[in-house]
Structures are given as structure tokens and as C-alpha cells.
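For reference, the structure is listed below as C-alpha cells.
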There are 2 protein chains.
Amino acid sequence: MLESWIARLEQFAPLSGEDKLELGRLLSEPRRVHAGEDIVREGEAPTHIHIIVSGIACCYKVLPDGGRQIIALHFPSHACDIHHGILSRVDHAIGALRPTQVAYIPHENMLDLLERSPRIAKALWRSTLNDNAILREWLVNIGRREGYGRVAHILYEVYLRLKAVGQADNHSFEFPLTQTELADALGLTPVHVSRVISRLRAESLIVLRRRAVTIIDPEGLKAVAQFSPGYLQMADQGPEGNKSNTLRG
Amino acid sequence: MLESWIARLEQFAPLSGEDKLELGRLLSEPRRVHAGEDIVREGEAPTHIHIIVSGIACCYKVLPDGGRQIIALHFPSHACDIHHGILSRVDHAIGALRPTQVAYIPHENMLDLLERSPRIAKALWRSTLNDNAILREWLVNIGRREGYGRVAHILYEVYLRLKAVGQADNHSFEFPLTQTELADALGLTPVHVSRVISRLRAESLIVLRRRAVTIIDPEGLKAVAQFSPGYLQMADQGPEGNKSNTLRG
DNA sequence: CGCGGGGTTGACTTTTGTCAAGAGTTGTGG
DNA sequence: CCACAACTCTTGACAAAAGTCAACCCCGCG
């Protein structure tokens with residue numbers, strides 16, 4: 001399972017055999033984290049980078065009034081905090097949304113490896129650029145779409161991202177977020193998310209049952225989401241979405 | 001004026017005299033861009049990085065329905081697209097909001113310099129981390145604050161950022177965005193922005209006249225904004241806000 | 001002096017939030 | 001295998017926030 005992270009990195013830039021061996025050597029055995037538990041707490045000085053092996057994690061901030069905003073979702077084979085190596089304290093937390101396994105690498109080893117292998121540095125750099133592009137699109141999603149399109153958009157994005165790591169078949173995938181968590185990610189309330197999902201169901205765009213999503217009408221869903229897949233840097237067709245990414249060779 | 005960018009970079013990591021000379025050599029003479037004109041168009045393959053010398057630029061996306069979301073504001077002495085060096089096409093545009101002067105550096109020269117000077121690489125890396133932190137906070141702002149707090153928050157953030165580059169005195173600064181542009185940055189409509197600003201005025205928190213802002217009641221404004229300055233990585237006190245940043249030495 | 005962009009305001013609509021009750025689900029322990 | 005508790009989801013009634021449309025004002029500028 002650890003290899004899937006390395007495989008994903010290779011989609012961003014070619015790695016040598018030695019690169020892959022080194023990464024494999026540095027990666028710890030995965031640690032189990034309970035649902036709701038933090039992997040990195042807000043304000044602390046992180047010492048490792050983390051890679052999601054299984055489960056789902058998220059990056060979030062909590063406001064003084066208790067409101068929570070989820071800033072990013074991290075799926076298996078994602079590194080969630082590459083940028084932490086250089087910060088003395090982080091302005092956000094990383095938490096597990098479900099029971100999750102995370103592998104990790106100490107910052108000093110990672111920084112050392114980055115200096116020795118420009119290929120790994122390039123792949124990681126591009127993978128963080130990809131994360132940033134998603135973050136920008138989330139801002140657009142929350143800022144300029146109303147609830148109906150917002151939920152449609154995140155569902156289609158998650159579908160493409162899970163498909164890219166082999167966790168979506170056809171147009172079905174596991175999506176084990178509660179509606180409260182979805183609301184925290186979308187800047188809505190849980191009640192409103194529930195209503196919007198009812199409407200997406202009523203319009204025969206999706207089926208959502210037991211935390212599993214099936215997209216019945218992909219074109220319809222993309223239309224209400226005003227979805228343009230360019231930001232994901234991966235194709236929106238076929239079972240191997242990542243083949244034609246547009247990052248420079 | 002070009003030197004102010006280099007001075008800002010030095011707040012992120014120390015540079016050698018040679019570093020500064022090299023950066024100065026690479027920087028072009030500034031080019032003038034009209035208000036409303038794009039510096040980088042969406043979808044194109046960028047060839048240079050750009051540094052704002054005077055004026056204001058922004059990073060934005062346009063939706064199929066015509067809505068625009070401003071994703072970031074770029075003030076003088078900011079580089080606005082360091083991350084472009086590696087992308088074959090960008091998913092967002094960069095445009096001037098007012099008459100603006102931009103200097104630029106060809107990507108190949110920049111990449112070459114980054115390889116030769118790890119200090120410059122570190123400073124630039126941290127400066128992009130700073131930009132990302134601001135982007136995360138914008139997501140929180142739009143997702144979890146209502147209009148009143150949202151406007152208060154962006155005003156206080158802009159105040160701190162302008163103060164850090166010497167463009168704010170006491171609690172006053174030039175803020176030449178139209179309310180329509182402010183609305184595009186905040187996920188609101190211009191009409192609603194106008195109403196919210198009226199209220200901020202009525203509550204004696206700010207004065208806004210002729211595109212100049214004076215914060216009358218900083219503590220009050222921060223309270224309605226639920227402002228916590230940590231994400232900016234700069235202190236929120238005194239005329240030299242950047243002295244005690246929390247990036248690792 | 002008139003033009004045009006930006007700002008303000010009012011009346012009205014739509015979207016979203018709030019509160020509360022009830023139904024369904026999940027997980028646990030006996 | 002059942003009972004129970006704790007969550008989660010759904011729905012309704014109502015309230016608040018934000019959007020829409022339109023008129024008008026203000027002010028800089030040719």
C-alpha cells in the first residue's frame with residue numbers, strides 16, 4: 001500500500017529506481033489513527049510529513065465561535081503536509097475523519113533526500129502545486145456557487161480524485177463523510193446539505209446510500225456543478241485518468 | 001522600487017550580497033499594465049514570473065456563468081506567480097486591478113538561479129508558503145463568516161499586509177478596489193458589500209472615503225472579523241510587523 | 001453641462017440558517 | 001440476537017442573510 005504513494009508521485013515526475021528504494025526505506029510502518037483524532041494539531045511544530053495509507057484525513061481550521069472549515073481532503077496515497085518541513089508552527093490542523101492509517105517521514109530525512117534527488121523534489125513540488133490548484137477551485141466553489149452546485153462540484157471532484165488512485169469503479173465510490181463534515185467543507189450547514197442532497201437525488205443525478213455515491217447522470221452533475229476539470233491536471237475520461245496530465249515533462 | 005521585492009524576500013530567509021546582485025540583474029525594467037488588463041491569461045503557458053512594482057494585481061477565475069472569483073490580491077513587492085515555472089498551462093488568470101507596473105524574470109533564468117542559490121530557493125519557497133496560508137484563511141473567511149465579518153476580515157488583513165511593505169501609516173491605507181472587486185474577492189454581491197460597509201461605518205469601526213481606509217477601532221474590527229493573525233506569519237503590532245515572523249531560521 | 005462609472009438605498013425574492021421533532025443507522029454490551 | 005444509546009439524517013416552520021432589480025445620487029471628467 002505504501003507503494004501507491006510512490007506510484008502517484010511518479011505521475012508527477014519520473015523517479016529512478018534508487019529514488020523509489022530510498023523513499024521506501026524512509027517511510028515508517030503505518031500508524032493507526034482513530035476517527036476524529038488529530039494527526040497534526042494546530043499551532044504545534046510538526047516534525048514529520050505524513051502520507052495517508054488508508055482512510056480519509058482533512059486539513060481544517062477552527063474559529064473562535066466554534067465553526068470549523070475543512071480546507072482540504074486527503075485520500076490514500078496523498079501526502080498531506082509536505083509544506084510543513086519549513087514551518088515552526090502550523091496555522092491549521094490535520095485530522096482523521098475515519099479510522100485512518102498514516103505513514104510518516106522525519107523532516108530532516110526528507111529535506112536531505114530532497115537535496116540529493118532533484119527528481120523527487122520535482123515530483124513533490126508538482127504534487128503540492130496540484131493541491132494548491134484544488135484549494136483555489138474550492139475557493140471558487142464556496143465563493144461563487146450556491147449550495148446545489150457546490151455539493152455537485154465536490155462530489156464530482158472527489159469522484160475524479162478517487163478514480164485516479166483506483167478507488168472508484170465506473171461512477172461509484174465510497175465517500176464516508178458525514179453530512180456534517182461535508183457541510184464543514186462547503187461552508188454550509190448540515191441541514192442545508194441534507195436538503196441539497198435530497199434534491200440531487202430527486203433530480204436523478206446521484207444515488208447516495210450508506211456512504212457510497214453513484215453518479216447516475218455524470219453530464220447532468222457536471223452541468224449543475226459548472227465543472228471544468230482543468231484544475232485537477234488530469235483527464236476526465238477513461239479508467240486511467242492521470243495519463244495525460246498537463247504538467248511539463 | 002525593485003529592491004523592495006528583494007527586501008521582502010530577505011524577511012523570509014537571509015540572502016547573500018551576491019544573491020541580491022543576481023536577482024537585480026535578472027529583473028527586467030517594469031512594464032506598465034492598464035487597469036483591467038491581464039498580466040497572465042487563463043490557460044496560457046507562462047514564460048516569466050512577475051513581480052508587482054506598483055499598483056494592485058489579482059489572481060482570479062471566471063465561471064461559465066460569468067461570475068468571477070478573485071483568489072488572491074498582489075501588492076507591490078509581491079511576486080505573483082512563482083509556482084508557474086513548472087506548469088504548461090495555468091488554471092487561473094492574473095490581472096491588474098489598477099494601473100500597475102510589473103517586473104519579470106524568464107522562467108529558465110529563475111530555475112537556473114534557484115539551483116545555484118539555495119538561499120534564494122528557501123526565501124521563495126517560504127514566500128509561497130505565506131501566500132498559501134493567506135489562501136487557506138480566505139477559504140475560512142468565505143466559508144465560515146457572514147458578510148459583515150468577511151469584509152472586516154479582508155480589510156484588516158490588507159492593512160497588515162500593506163503595513164508590512166510600508167504602505168500603511170498608523171491605521172490608514174490606500175485601498176483602491178471598487179466594491180464590485182471587493183465583492184468578487186469575498187463571494188458577495190456589490191450591493192451587499194455596500195450595505196456591509198455602511199454598517200461598518202455606522203458602527204464607527206472604519207472610515208472609507210475616496211478609496212482610502214482608516215481603521216478607527218482596530219480592536220472592534222478584529223473582533224467582528226474574528227481575526228487571528230497567526231496565518232500571516234507576521235506580528236500584529238508596531239511599525240515593523242515582519243520582524244518576529246515565525247518561519248524557522 | 002452632460003456622461004458614465006461607482007456607490008447607495010428601497011422593495012422584494014431566494015437562499016441559507018436555526019430550532020426542534022422524529023425516523024433511521026450504527027455500534028455495543030448483555 | 002436483542003436492547004439501548006449515540007449518532008446521523010430528514011423534515012417542517014420560521015428567521016436571517018444575501019441576492020435581484022431598479023431608481024437615484026455623487027463626483028470626476030471630457
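For the numbers below, each heavy atom of this structure counts, side chains included, while hydrogens, waters and symmetry mates do not. Lettering of chains follows the sequences in order, A, B, ..., and the numbering in each one begins at 1.
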*Would you check, one step at a time, whether the test ring-ring contact (aromatic ring centres under 6.0 Å, His included) holds for A:H92 with A:Y60?*
CA-CA 6 Å; A:H92 56 273; A:Y60 69 92; 9.0 Å; no
Per the under-4.0 Å heavy-atom filter, residues of residues 176-189 of chain B near DNA chain D come out as B:G187, B:L188, B:T189
Within residues 192-201 of chain A, the residues having a heavy atom closer than 4.0 Å to DNA chain D are A:S194, A:R195, A:S198, A:R201
Note to self: On the six-membered ring of A:Y148, is A:R199 placed so that its NZ or CZ lies under 6.0 angstrom from the centre and within 45° of the ring axis?
What the structure shows: yes
Taking [atom1] from [X] and [atom2] from [N], how many angstroms apart are they, rounded to a whole number?
{"X": "B:I142", "N": "D:dA17", "atom1": "CD1", "atom2": "P", "answer": "19 Å"}
{"X": "A:L97", "N": "D:dT8", "atom1": "CG", "atom2": "P", "answer": "12 Å"}
{"X": "B:R211", "N": "D:dG28", "atom1": "CZ", "atom2": "C1'", "answer": "11 Å"}
{"X": "B:D65", "N": "D:dG19", "atom1": "CG", "atom2": "C1'", "answer": "14 Å"}
{"X": "B:E146", "N": "D:dA15", "atom1": "CD", "atom2": "C1'", "answer": "13 Å"}

Checking D:dA22, C:dT18, C:dG6 against the side chain of A:V191 (C-beta onward), the nearest is C:dT18
Axis-to-axis angle across the helix from C:dC1-D:dG30 to C:dG30-D:dC1, five pairs each end, nearest 10 degrees, ~ 40°
Is the number of heavy atoms from other residues, nucleotides or ligands within 6.0 Å of CG (A:D169) greater than 12? no
Looking at [Y] and [X], is there a salt bridge between them, counting it only when a charged N and a carboxylate O are closer than 4.0 Å?
{"X": "A:E42", "Y": "A:R89", "value": "no"}
{"X": "B:D184", "Y": "A:R144", "value": "yes"}
{"X": "B:E181", "Y": "B:R98", "value": "yes"}

### Query
A:Y231 and A:R136: side-chain contact (heavy atoms from CB on, under 4.5 Å), yes or no, with the steps?
CA-CA 9 Å; A:Y231 73 100; A:R136 282 193 295 270; over 6 Å; no
Q: Tell me yes or no: between the side chains of B:D81 and B:Y104, is some donor less than 3.5 Å from an acceptor?
A: no
**OP:** For B:R210, answer base if it contacts any base atom (sugar-phosphate contacts may also be present), sugar-phosphate if it contacts only those atoms, and nothing otherwise; contact means non-hydrogen atoms under 4.0 Å.
**Re:** sugar-phosphate
- When you look at B:K61 and B:D91, which way does the side-chain contact (heavy atoms from CB on, under 4.5 Å) test go after all the steps? CA-CA 8 Å; B:K61 285 192 177 202; B:D91 64 335; 3.4 Å; yes
